Amino acid sequence: MKLIYFAWVRERIGTAEEEIELPAEVTTAGDLLAFLQARGEGYAEALRDPKIIRVAVNQEHVGHDEPITGAREIALFPPMTGG
Amino acid sequence: MKLIYFAWVRERIGTAEEEIELPAEVTTAGDLLAFLQARGEGYAEALRDPKIIRVAVNQEHVGHDEPITGAREIALFPPMTGG
Amino acid sequence: MPCAIRIVVQAEPFDTAAEIATIRNADANVGAVVSFSGICRDESGRLAALELEHYPGMAEAEIGRIAHEAVQRWSVDALTVIHRHGKIVPGDDIVLVLAASSHRQAAFDAASFLMDFLKTRAPFWKKEHLANGSAGDWVDAREADDAARERWKRDTEK
Amino acid sequence: MPCAIRIVVQAEPFDTAAEIATIRNADANVGAVVSFSGICRDESGRLAALELEHYPGMAEAEIGRIAHEAVQRWSVDALTVIHRHGKIVPGDDIVLVLAASSHRQAAFDAASFLMDFLKTRAPFWKKEHLANGSAGDWVDAREADDAARERWKRDTEK
């Protein structure tokens, strides 16, 4: 599965995107955040306050309780500040 | 005193402006409308429904109960439709 | 902060792009420019033109009063109002309102407020010229326009 | 009636005047065009530039979803949204929203709605470059922007 990071989430994790195999028990966006937090210091720092992290599955916003199983592309990013 | 008419008020009265001497008892905008209605058929037709006629004294909107004594210029016109 | 107010009443067409270019440079803190263009429609082919009569002197004065009220109510850096009179054919501009501000909501509110008050307070009257060549009638004032104006009343005025 | 929707996400500057000229001719029944320009400010000299990061693909898709929601809610003839990314200096455009309609309120509402949702749903992030040469930080999301979006919720969603 392709993971993509933007803005300060990208900077803190230290990469813009990566391919990752998720364990079967990671089924929701919230599960994914918890799983990634344990992957290292950069991830822990980026995802320290998971409440504010936004998740998009296949380029659509999803809530943290929504399923991610079978997703092609998942993006994690801070609240948007465009416009 | 100078009276000015616009749009269909002007067309029905048949003149764009005129100078007029007002009797002393004509003190409000409403008095003026009643006074003019009696001046002839065109005036009666133009001012038949005085509620909807707008009055401006010296180029400012006024209510029908407001004084007009001493005005330099009074305009009568239908509801505005600009914009 | 003082607000630059530009009010023009004229028969000639105006240049919307040039007006926007001017107002966006009114101040280095302008972050939002809202423009409203009111355009003559042909009403599905019914109209050949609109003829706008106005009250010279009062038109400018009343638009000025409306603009000053907007400046009191919202933090805007600059306002522009241009209103045409005379004969206007479908597709041509009737009115332009611009509001420049640091933030978008003040610009949207000021422009929308200006339009609602222009419609119901500025001394202009539209007469229709019909496409079939016959003389048209004066456009009736719309109750919806009065209602639109009423929503801006402050609680103390209701 | 079908609504012409034009969505562009690009690094290059755009021509606001040309965009307005296009949308006002979208339909002979366009009587109102509202435009919103979001412009990079220098914040009283503090900023040298803003750098806008975006999520290619999702940015266009999400703006499209927002535009379609606007079309469901208001009777608009055409909508245009142009959002830039990359480095933008003070005075330059960041975003342009245009709404064309027969009547002014639909155009004002659709443009204002589009901006409120762009601010909080479109995947763009601003980083500051400071005028004193030091690296700036990512701009924080504003609670006021979330509040502005909330006001559009329909009663059934509250």
Side-chain angles (χ1 to χ4, degrees), chain A residues 1-20 28-30 32-33 36-37 41-83, chain D residues 9 36-41 50-66 68-69 81-86 88 93-97 111-128 135-146 148-149:
Chain A
M1 174 179 299
K2 185 179 180 184
L3 290 176
I4 316 184
Y5 311 118
F6 290 101
W8 52 254
V9 171
R10 171 180 56 71
E11 289 181 343
R12 290 176 193 172
I13 289 178
T15 187
E17 59 178 83
E18 59 185 326
E19 285 290 334
I20 207 166
T28 68
L32 174 65
L33 294 175
L36 290 173
Q37 272 183 297
E41 210 175 317
Y43 293 91
E45 169 68 11
L47 309 176
R48 187 173 42 187
D49 187 3
K51 274 195 320 298
I52 67 168
I53 301 297
R54 306 302 173 93
V55 182
V57 170
N58 299 341
Q59 309 196 344
E60 287 204 51
H61 293 294
V62 299
H64 286 192
D65 54 353
E66 290 187 61
I68 59 166
T69 313
R72 182 174 27 83
E73 175 176 306
I74 299 181
L76 304 185
F77 42 78
M80 286 71 79
T81 56
Chain D
V9 175
F36 175 86
S37 299
I39 299 161
C40 179
R41 293 181 292 143
L50 287 173
E51 179 105 31
L52 274 103
E53 182 168 330
H54 79 300
Y55 184 172
M58 180 171 169
E60 293 84 347
E62 186 66 22
I63 295 171
R65 288 187 281 267
I66 297 167
H68 278 99
E69 170 83 14
V81 178
I82 306 182
H83 202 306
R84 289 178 65 198
H85 58 83
I88 298 177
D93 289 300
I94 299 170
V95 63
L96 176 69
V97 164
S112 181
F113 171 91
L114 283 167
M115 279 308 305
D116 285 343
F117 277 75
L118 278 181
K119 283 263 174 191
T120 54
R121 304 268 308 174
F124 291 85
W125 301 271
K126 292 192 184 102
K127 189 171 199 171
E128 298 182 342
D137 212 341
W138 292 95
V139 172
D140 279 329
R142 295 169 65 234
E143 278 179 32
D145 287 330
D146 288 326
R149 188 191 62 205

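Everything numeric here is computed off the predicted structure, so don't read it as measured data.
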Handout entry: Toward chain A, the part of D/H85 with a non-hydrogen atom under 4.5 Å
Key = neither

Practice task
Please flag which part of A/I52 lies under 4.5 Å from any non-hydrogen atom of chain D: side chain, backbone, both or neither.
Solution key: neither

Handout entry: Within 6.0 Å of CZ in A/R48, more than 12 heavy atoms from elsewhere
Key = no

Exercise for the section: Answer yes or no: is there a donor N or O on one side and an acceptor on the other, between the side chain of A/H64 and the main chain of A/T28, under 3.5 Å? Expected result: no

Practice task
Give a yes or no on whether the backbone of A/H61 and the side-chain of A/R54 come within a donor-acceptor separation of less than 3.5 Å.
Solution key: no

Handout entry: Main-chain N/O of D/I39 paired to D/D93 side chain as donor or acceptor, under 3.5 Å
Key = no

Practice task
Run the salt-bridge test on D/E53 and D/K127 with the 4.0 Å N-O cut-off and return the result as yes or no.
Solution key: no

Practice task
Sort D/D116 into side chain, backbone, both or neither according to what part of it lies under 4.5 angstrom from a heavy atom of chain A.
Solution key: neither

Exercise for the section: Using non-hydrogen atoms and a 4.5 Å limit, figure out which bit of A/E60 sits close to chain D: side chain, backbone, both or neither. Expected result: both

Exercise for the section: Would you mind checking which part of D/R65 comes under 4.5 Å of any heavy atom in chain A, side chain (CB onward), backbone (N, CA, C, O), both or neither? Expected result: side chain

Practice task
Flag the pair A/L76 / A/L36 as yes when at least one side-chain heavy-atom distance between them is below 4.5 Å, and no otherwise.
Solution key: yes

Practice task
Against chain A, label D/K126 side chain, backbone, both or neither, depending on which of its atoms sit under 4.5 Å from a heavy atom there.
Solution key: both

Practice task
Tell me, out of A/A7, A/P79, A/A75, who's got the most heavy-atom pairs with chain D below 4.5 Å.
Solution key: A/A7

